[in-house]
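What follows is a set of notes on a single structure, which appears directly below.
As the structure is a prediction and not an experimental result, all values here were calculated from the model. A note on names: the letters A, B, ... follow the listed sequences, proteins ahead of strands, and every chain is numbered from 1.
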Amino acid sequence: MVNYKNHSEKLQKLKSGELSLEDNVKFFLSEIDKNKKLNAFNFVFSDFALEQAKTVQGKIKNNTNGKLAGMVVAIKDVLSLKDKPTACSSKILKDYIAVYTSTAVQKLIDEDAIIIGKTNCDEFAMGSSNENSAFGAVLNPVDNQRVPGGSSGGSAVAVAAGLCDVSLGTDTGGSIRQPASFCGVYGLKPTYSRVSRYGLTAFASSFDSIGPFSHSVEDAAKVLEVISGKDEKDSTSLNVEVPNYSAELTNIDKKYKIGIPKEYFGEGLNEEIKKAIEDVVAKLKSSGFEIVDINLPHNEYTIATYYILTTAEASSNLARYDGARYGFRSNDAATLLDMYNNSRSEGFGKEVKRRIMLGTYVLSAGYYDAYYKKAQKARRLIKNDFDLAFKNVDLIIAPASPTLPFKIGEKSEDPLEMYLGDIYTTSANLAGIPGISVPVANSEEGLPIGMQILANQFDELKLLKTSYFIQNEILKNN
Amino acid sequence: MAVTRKDVEHIAQLAKLSLEENEVESLTDQMNDILGYVEKLNELDTENIEPLSHPVEGNNVFREDVPIKSIASSEALKNAPSASEEFFLVPKVINN
């Protein structure tokens with residue numbers, strides 16, 4: 001266990017000499033080693049991390065350190081760091097070494113964070129359980145028989161099991177928020193285009209977002225303010241001012257109006273999750289927040305819309321893995337066509353193939369209008385629901401997942417059932433809005449329960465302020 | 001619109017995947033399951049709705065057309081399964 005509750009405290013201890021950064025990194029490295037069976041990491045950078053620790057310790061001593069100095073960060077294995085592997089948990093990229101660094105990771109390094117390794121995830125971030133990995137399944141640290149959620153399962157576990165301070169994950173349809181809820185940590189998905197996607201291996205380009213997992217709201221805020229902003233290398237990243245999230249966090253001058261969408265609390269929601277969220281909402285109400293019922297009538301169409309559009313984008317994005325320029329090439333490649341077919345068939349896992357097939361189907365001649373275009377129209381209806389809701393409320397509260405962490409293998413044979421588990425999370429990606437999962441309770445069995453808060457595009461500050469209030473005023477009394 | 005085995009084989013060809021016999025079978029079932037489910041969207045009246053391709057609708061992004069330094073070819077070739085000098089090597093495309 002570490003003896004600081006957030007990065008600001010850690011930095012103070014590093015400055016005063018009470019804590020040695022080298023010892024701290026060694027501690028995390030030994031914890032990673034002790035917890036190998038969780039399978040949270042694909043690659044651990046022991047020497048690199050210790051080297052960084054020495055450099056950063058020197059900067060701290062000279063007062064020339066960046067704002068994340070000494071924060072030990074694990075990054076999801078879909079984010080590139082130059083000269084280190086980026087395997088995306090896939091056989092097809094198992095030996096790939098990154099030739100450049102992703103903007104989000106570079107920004108962390110520029111502020112003197114220490115990158116300790118790459119975390120396991122579902123192959124190409126496709127999955128909700130972290131069982132679809134060429135590096136093997138990741139185990140939930142709370143109950144090793146259960147999944148940690150996905151696709152950023154390794155990132156969630158790395159934080160939850162105390163193997164690093166903070167981690168980065170990616171969220172295309174809930175891949176940060178759902179594993180955060182399954183592992184009992186904070187997980188923040190920013191607004192689409194808030195964080196540059198440069199150096200993130202593309203899954204569904206109009207959905208993918210990069211965000212942090214953390215033990216505290218303060219650390220999530222600090223990481224977000226560092227990684228956000230316009231980047232010339234990602235033309236979709238937007239030039240919208242980045243607030244000083246960590247400084248403004250504590251200043252909850254106004255109690256927000258919160259909408260509760262009835263569509264998110266209906267049939268299929270686990271009773272314990274429902275009750276845990278209702279408890280927090282009741283406490284928010286008695287603290288002065290205004291709680292109102294709202295409607296998001298198109299929510300029942302989110303999963304269908306999401307799986308048409310993301311598989312379409314994925315089938316196009318994953319066309320680049322052809323065995324020609326990088327990645328795995330089959331030994332059985334006598335002709336060019338054999339090289340393509342066999343490299344892809346041997347290199348991709350089951351779920352990835354399934355999504356490429358679905359995506360190719362919905363984009364194919366004769367089906368484009370019926371599926372793809374129809375889904376794009378449905379996407380607008382879903383976004384309109386949120387636009388309308390946010391005219392009236394500041395925030396929306398919902399569950400992050402309809403179920404508690406499920407058993408390994410429980411859903412892996414039924415892809416549709418697995419997809420339906422994303423019922424409360426894909427909407428944020430369809431609408432491009434930010435969301436956070438706050439660890440609010442444990443079930444009777446001791447399994448973590450997450451509560452999701454959603455805000456309008458670029459309103460991350462409202463999310464963070466409210467989460468901070470919940471962390472400090474509501475949960476600390478539990 | 002039920003998906004047949006033949007459809008699955010055709011789609012696999014388009015996607016450059018060679019599927020085993022049992023994969024064709026399970027994918028036919030699973031794709032029918034999933035596509036059956038997404039039929040749900042037909043309940044929606046989308047007659048006058050504009051498709052949304054990007055959640056944050058913005059303007060086009062322009063920049064000056066000036067060359068900038070990119071990755072050196074030696075770097076780009078580092079991960080190649082097969083390379084020679086400045087080139088990626090692939091199986092012969094043109095028959096003798």
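- To the nearest 0.5 Å, atoms OG (A:S315) and CG (B:L14) are separated by 10.0 Å.
- Counting heavy atoms from C-beta outward, A:Y361 and B:H10 have side chains that stay 4.5 Å or more apart.
- Shown here for B:P55 and A:Q457, the closest heavy-atom pair between the two residues is O-NE2, 3.0 Å.
- Proximity to chain B (any heavy atom under 4.5 Å) is shown, for A:I433, by neither the backbone nor the side chain.
- Annotation: A:K84, atom NZ; neighbour count of heavy atoms from other residues, nucleotides and ligands within 6.0 Å is above 12.
- The contact between B:I71 and chain A is made entirely by side chain atoms (from C-beta outward), counting heavy-atom distances below 4.5 Å.
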**Message:** Could you walk me through whether B:S18 and A:N342 satisfy the side-chain contact (heavy atoms from CB on, under 4.5 Å) test, starting with their C-alpha distance in whole Å, then the side-chain angles of each, then the deciding distance to 0.1 Å, before giving a yes or no?
**Reply:** CA-CA 7 Å; B:S18 32; A:N342 296 333; 3.4 Å; yes
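- Comparing B:Q13, B:E75, B:E50 by how many heavy-atom pairs each has under 4.5 Å with chain A, the most go to B:E50.
- Both the backbone and the side chain of A:T305 have a heavy atom closer than 4.5 Å to some heavy atom of chain B.
- Between A:M357 atom CE and B:I34 atom CD1 the span is 11.0 Å, to the nearest 0.5 Å.
- Contacts of A:D95 with chain B are made by backbone atoms alone, with heavy-atom separations under 4.5 Å and no side-chain atom involved.
- With a threshold of 4.5 angstrom between heavy atoms, B:V61 approaches chain A through side-chain atoms but not through N, CA, C or O.
- With a 4.5 angstrom heavy-atom cutoff, A:Y419 touches chain B only via side-chain atoms.
- Across A:D414, A:L238, A:V99, the residue that shares the most heavy-atom pairs under 4.5 angstrom with chain B is A:V99.
- Of all the heavy atoms in A:R379 and B:S53, the pair that sits closest is NH1-O, 3.7 Å.
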**Asked** Could you go step by step and tell me if A:Y371 and B:E39 meet the side-chain contact (heavy atoms from CB on, under 4.5 Å) rule?
**Response** CA-CA 9 Å; A:Y371 290 108; B:E39 293 284 328; 3.3 Å; yes
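- Inter-residue side-chain proximity for A:S345 and B:L19 is flagged as unmet; no heavy-atom pair is nearer than 4.5 Å.
- Looking at A:L318, neither its backbone nor its side chain comes within 4.5 Å of chain B, counting heavy atoms on both sides.
- The side-chain heavy atoms of B:Q30 and A:L416, taken from C-beta on, include no pair separated by under 4.5 Å.
- When A:H298, A:E232, A:R329 are compared by the number of non-hydrogen pairs under 4.5 Å with chain B, A:R329 comes out ahead.
- For B:E43, the side chain to side chain contact (heavy atoms under 4.5 Å, CB included) partners at least two apart in sequence or on another chain are A:E300, A:Y301, B:K40.
- With respect to the salt-bridge test (charged N to carboxylate O, under 4.0 angstrom), the residues A:K353 and B:E23 qualify.
- Only the side chain of B:V93 comes within less than 4.5 Å of a heavy atom in chain A; its backbone stays farther off.
- Contacts between A:Y100 and chain B at a heavy-atom distance below 4.5 Å involve the side chain alone, from C-beta outward.
- The structure places CG of A:L358 at 5.0 Å from CE of B:M31, a figure rounded to the nearest 0.5 Å.
- Atom CD1 of A:I308 and atom CG of B:L35 lie 7.5 Å apart (nearest 0.5 Å).
- Contact check for A:Q376 versus B:L52: no side-chain heavy atoms found under the 4.5 Å cut-off.
- For a residue to count as touching a neighbouring chain, one of its non-hydrogen atoms must lie under 4.5 Å from one of that chain's; by this rule B:L77 does not touch chain A.
- Atom CG of B:N22 sits in a crowded spot, with more than 12 heavy atoms from other residues, nucleotides or ligands closer than 6.0 Å.
- Interatomic distance, CG of B:L17 versus OG1 of A:T360, reported as 7.5 Å (0.5 Å rounding).
- Partner of B:T46 under the side-chain hydrogen bond (donor to acceptor under 3.5 Å, both in side chains) criterion, chosen from A:K373, A:R380, A:K374: A:K374.
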I'd like a table of donor-acceptor pairs (distance under 3.5 Å, sequence neighbours excluded) in which one partner is a side-chain atom from residues 319-326 of chain A, with atom names and distances.
{"residue": "A:R320", "atom": "NE", "partner": "A:N317", "partner atom": "O", "Å": "2.8"}
{"residue": "A:R320", "atom": "NH2", "partner": "A:N317", "partner atom": "OD1", "Å": "3.1"}
{"residue": "A:D322", "atom": "OD1", "partner": "A:A324", "partner atom": "N", "Å": "2.9"}
{"residue": "A:D322", "atom": "OD2", "partner": "A:R325", "partner atom": "NH2", "Å": "3.3"}
{"residue": "A:R325", "atom": "NH2", "partner": "A:R320", "partner atom": "O", "Å": "2.9"}

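- Looking at A:D387, neither its backbone nor its side chain comes within 4.5 Å of chain B, counting heavy atoms on both sides.
- For the atom pair NZ of B:K16 and CG of A:D338, the computed distance is 11.5 Å after rounding to the nearest 0.5 Å.
- Summarising the local packing, CZ of B:F87 is surrounded by 12 or fewer heavy atoms from other residues, nucleotides or ligands at distances under 6.0 Å.
- With a 4.5 angstrom heavy-atom cutoff, B:E57 touches chain A only via side-chain atoms.
- In plain terms, the two heavy atoms of B:P91 and A:A333 that are nearest each other are CG-O, 3.2 Å.
- Options B:S26, B:A15, B:A12 differ in how many heavy-atom pairs under 4.5 Å they form with chain A, and the most are formed by B:A15.
- For a residue to count as touching a neighbouring chain, one of its non-hydrogen atoms must lie under 4.5 Å from one of that chain's; by this rule A:K82 touches chain B with the side chain only.
- Side-chain contact between B:K78 and A:I97: absent, with no pair of heavy atoms (C-beta onward) separated by less than 4.5 Å.
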Between B:N79 and A:L93, does a side-chain contact (heavy atoms from CB on, under 4.5 Å) hold up when you go through it step by step? CA-CA 10 Å; B:N79 284 290; A:L93 285 178; over 6 Å; no
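- A:K377 is not listed as a side-chain neighbour of B:L41, based on a closest heavy-atom distance of 4.5 Å or more.
- Neither the backbone nor the side chain of A:F207 comes within less than 4.5 Å of any heavy atom in chain B.
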